Amino acid sequence: MRVATWNVNSVKQRVPRLLPWLDQRQPDVVCLQETKLTDVAFTELLGAQLAERGYEVALAGQAQWNGVAILSRVGLDDVVVGVEGAPGFPDPEARAVAATCGGVRVHSLYVPNGREPDSDHYRYKLSWLAALRDVVKAGPGEAMLCGDMNIAPTDADVFDPAAYVGQTHVTAPERAALTELQALGLHDVVRERWPSERVFTYWDYRAGMFHQDLGMRIDLMLASAPVAGRVAAAWVDRHARKGTGPSDHAPVIVDLDEAPDGDIGPVVPPPSSRGPRKGVKLPQAK
DNA sequence: ATGTCAAAAAGGTTTTGA
């Protein structure tokens, strides 16, 4: 099962990049953030084209800002919009949707930006993360938190730690909130796969930042242990940040091996019942 | 020039958010 997350920075503007990307990468589950559309407008824009590709869609949108979605072609059950108990700013914002897809509780998350440390928006971010932790804690054991966390977990996740001192995304309270979330048993599967590589998911549009690879890793896929143990690949699709009309974020893609209990998808028959493969010479009986 | 992009209200540009 291939799961991806992508902050598209307006799904309306990104249609010419999103549809070819779906066709090329063939993700089974896609978490989108910053769709910036109401659910009605999203469905009018993409409903038919996603259905054609076999995706069911769970939406938590609003006009103009924010907006998240989950696309799935491996089932989409028990959809929950929002984070129970989370604050608004001051009204609730469209920042979370969860669904069970292929046996995994998938969360598409757009964590508040925080703007300035110690601002109202920053406090909102921290409260929102605390509420998210409580929801995940009460949830099932097979879970993936996917999305734009607006936090760089460590200094290795920003191009120049000195340039970010005193700015949001890197402060100790934000990192502590992320650590508390991960303390529920979640694995940062991209960092675990690439422990000492330069890996970014976001590059500012300005000043040729992408071209110089001056970015941040703020889009994360956090998997509970049973899911993390199935990770076959985990990577950032930098190609999607190139070319004409990209988002300022690249997608993150994680491939999961089949669940060990085999309740995901069709059971492959054992080799003995499948007969010889083409081109394989069997010993001849005499 | 915060070397850009996107949305919306206004307005043919400015404000807000990232």
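Quick note on labels: first sequence line is chain A, next is B, and so on, each numbered from 1. When reading the values below, keep in mind they use all heavy atoms of this one structure, side chains included, and skip hydrogens, waters and symmetry mates. Keep in mind that this is a model prediction, so the values were computed, not measured.
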(request) Compute whether any side-chain donor of one residue and acceptor of the other, for A/Asn9 and A/Glu34, lie under 3.5 angstrom apart. (result) no
(request) Would you please say whether a donor-acceptor pair under 3.5 Å links the side chains of A/Asp237 and A/Trp6? (result) no
Atom [atom1], compared across [N] and [M]: separation rounded to whole Å:
N	M	atom1	result
B/dG3	B/dA8	P	25 Å
B/dA18	B/dT2	C1'	12 Å
B/dA1	B/dA6	P	25 Å
B/dA10	B/dT14	P	15 Å

(request) Among residues two or more places apart or on two chains, list those pairs meeting salt bridge (charged side-chain N to carboxylate O under 4.0 Å, His left out) that have a residue in residues 47-63 of chain A. (result)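 Qualifying pairs, neighbours excluded: A/Asp23-A/Arg53.
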(message) I'd like to check A/Phe200 versus A/Arg241 (side-chain heavy atoms, cut-off strictly below 4.5 Å). Are they in contact?
(response)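 The answer is no, as the side chains (C-beta and beyond) never meet within the 4.5 Å cut-off.
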(message) Out of the candidates A/Asp28, A/Asp257, A/Asp255, only one should pair with A/Arg2 under the salt bridge (charged side-chain N to carboxylate O under 4.0 Å, His left out) rule; please name it.
(response)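 Running salt bridge (charged side-chain N to carboxylate O under 4.0 Å, His left out) over A/Asp28, A/Asp257, A/Asp255 with A/Arg2 returns exactly one hit, A/Asp255.
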(request) Sugar-phosphate means primed atoms, P, OP1 and OP2; the rest is base. With that split, encode nucleotides 5-18 of chain B 5' to 3' as B, S or - using protein heavy atoms under 4.0 Å. (result) SSSS-------BSS
(message) Under 6.0 Å between ring centres: does that hold for A/His169 and A/Tyr164?
(response)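 Distance test on ring centres: not under 6.0 Å, no.
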